[in-house]
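Below: one structure, written as structure tokens.
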Amino acid sequence: MKLESHFNLDYTLSCGQVFRWGKANGWWYGIVDGSILKVRQEGDELHFSAYPEDVEDEFIKSYFRLDDDLTNILRIINKDATINKAIQQFNGLRIVRQSVWDCLISYVCATNASIAIIESMLRNLSEMFGDEIVVNGKAFFSFPKVKKLAKASVNKIKLCNVGYRARFLSEIAKQVENNPNLLEELRNSDYLKLRDELRSLPGVGPKVADCVSLFAFDKLEAFPIDVWIRRVIYQIKGAAIPRTKDGTEKPLTVSEYTELSSFARRHYGKFAGYAQEYLFYYIRSKDR
DNA sequence: CATTGACCTGTACAT
DNA sequence: CTGCGCAGGTCAATG
């Protein structure tokens, strides 16, 4: 497929927004909606195939948000020296359009865990509760379906080494099982209402709700704040991070979260979520 | 509201 | 080798 606007596959899949992609022999392999996707970029050509069933160009365009006017978005969010450097370094990074269920479960798992551990948890869950898909002799496992997870006991879910998150996953799965439209009917809500609704789910606080709003509900103004983003925002504001007496960073409170994320929306505008992704990748990259 | 502590797990890093 | 801090937070209990 010929790319019509600028895009960088490596940045997009490496920046930490998705957990189920890996690169091998020059190809990216990912598990998306029960299909194995194999993708490679060569300049302005994007090569891809999918198993067990092929996917259309339209699916790829939607998944990688190639329909976003990235040039315009980057121009709008380019408001300070820090993000300017991030944009220059990682130009072509796009937000991935994830499915709601997978995204929600993934980010509930992502709380208080490192990326390596998150990937391990999601792999374990998929191997335990997903469907096996064999491609070229290699076994992949699709993401657990609602029903499978809703039926599973908390103790069985714990066998996936998800720790205390097991009861959240179980509870969310049961709620969605009982009300299959629970998540999709939120699509009509505006960002703030959506965020509050998501937060009513167990294990979903402001950070997870913002991630799901941004990655799965097209709310590009959502600005998830974690410890890293918090540091950059204070840096950009020219202020110091609140610290305890012994000099360590104070934990982020809900009110501080609200304050910082509305600052980010005022500062970067309606595409603040894109700014967040660029800043996150930038602040975490070794060579700044 | 702000503060505090507990919470699963695996890896990093110092002792 | 053993121990301890921390990682893309959230929740519940207190003042």
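By convention in this document, chain letters (A, B, ...) are assigned in the order of the sequence lines, proteins followed by strands, and residues within each chain are numbered from 1. What you see is a predicted model; the values in this text were computed from it and never measured.
Separating the CG atom of A:Leu198 from the C1' atom of C:dC11 is a distance of 17 Å, rounded to the nearest angstrom. Between the CZ atom of A:Arg165 and the C1' atom of B:dG10 there is a distance of 11 Å, rounded to whole Å. The interatomic distance linking A:Leu252 (CG) with B:dT4 (P) rounds to 15 Å, in whole Å. In this structure, A:Leu159 places its CG atom 15 Å from P of B:dC8, rounding to the nearest Å. If you measure from atom CD1 of A:Ile229 to atom C1' of C:dA7, you get 15 Å, rounded to the nearest angstrom.
Of all the heavy atoms in A:Arg195 and A:Tyr257, the pair that sits closest is NH1-CE2, 4.4 Å.
Nucleic acid contact class of A:Gln17 (heavy atoms, under 4.0 Å, all strands): base. Heavy atoms of A:Gln276 sit under 4.0 angstrom from at least one base atom. Contact annotation for A:Val254: no contact, since no heavy-atom pair falls under 4.0 Å across all strands. Among the protein residues, A:Ile225 comes within range of no part of the nucleic acid, since none of its heavy atoms lies under 4.0 Å from any strand. Residue contacts for A:Leu201: at a heavy-atom cut-off of 4.0 Å it reaches the sugar-phosphate backbone alone, with no base atom in range. If you check every strand for non-hydrogen atoms under 4.0 Å, A:Val108 touches nothing. Residue contacts for A:Asn112: at a heavy-atom cut-off of 4.0 Å it reaches a base atom on one of the strands shown.
Salt bridge annotation for A:Glu249-A:Arg231: present, with a cationic side-chain nitrogen under 4.0 angstrom from a carboxylate oxygen.
Using a 4.5 Å cut-off on side-chain heavy atoms (C-beta onward), A:Glu45 and A:Leu3 make no contact. At a threshold of 4.5 Å between non-hydrogen side-chain atoms, the residues A:Arg65 and A:Leu220 count as touching.
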Practice task
Start with the C-alpha gap between A:Arg97 and A:Asp67, add the side-chain angles, then the distance that decides, and say whether salt bridge (Lys or Arg N to Asp or Glu O under 4.0 Å) holds.
Solution key: CA-CA 11 Å; A:Arg97 187 177 270 123; A:Asp67 45 338; 3.7 Å; yes
Exercise for the section: Before giving the answer on salt bridge (Lys or Arg N to Asp or Glu O under 4.0 Å), spell out for A:Asp218 and A:Arg187 the whole-Å C-alpha distance, their side-chain angles and the decisive distance to 0.1 Å. Expected result: CA-CA 9 Å; A:Asp218 297 297; A:Arg187 202 167 276 285; 3.6 Å; yes
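Within 3.5 Å, no donor on the side chain of A:Tyr257 pairs with an acceptor on the base of C:dG9, nor the reverse.
Looking at which nucleotide of DNA chain C each of A:Ile115 and A:Phe168 is closest to, the 5′-most match is held by A:Ile115. Residue A:Cys15 is the one, among A:Cys15 and A:Pro202, whose nearest nucleotide of DNA chain C lies closer to the 5' end (criterion: closest heavy atom).
The side chain of A:Tyr164 approaches C:dG9 more closely than any other nucleotide in the set C:dG9, C:dA7, B:dT3. Comparing B:dA2, C:dG9, B:dT9 by their closest approach to the side chain of A:Asn161 singles out B:dT9.
For C:dC1 and B:dT9, the P atoms lie 23 Å apart once the distance is rounded to whole Å. One P atom belongs to C:dC11, the other to B:dG10, and the distance between them is 23 Å to the nearest Å. Using atom P as the reference point in both B:dC8 and C:dA13, the two lie 15 Å apart (nearest Å). Distance noted for atom P between C:dC4 and B:dA6: 15 Å (whole Å).
Shown here, C:dG9 forms a base pair with B:dC7; the pair counts as Watson-Crick or G-U wobble because both key distances fall under 3.5 Å. With a 3.5 Å ceiling on both atom-pair distances, the Watson-Crick or G-U wobble partner of C:dG3 is B:dC13.
The shortest distance between the side-chain N/O atoms of A:Thr253 and the OP1/OP2 oxygens of B:dT3 is not below 4.0 Å. Residue A:Lys250 places at least one side-chain N or O under 4.0 Å from the OP1 or OP2 atom of B:dT3.
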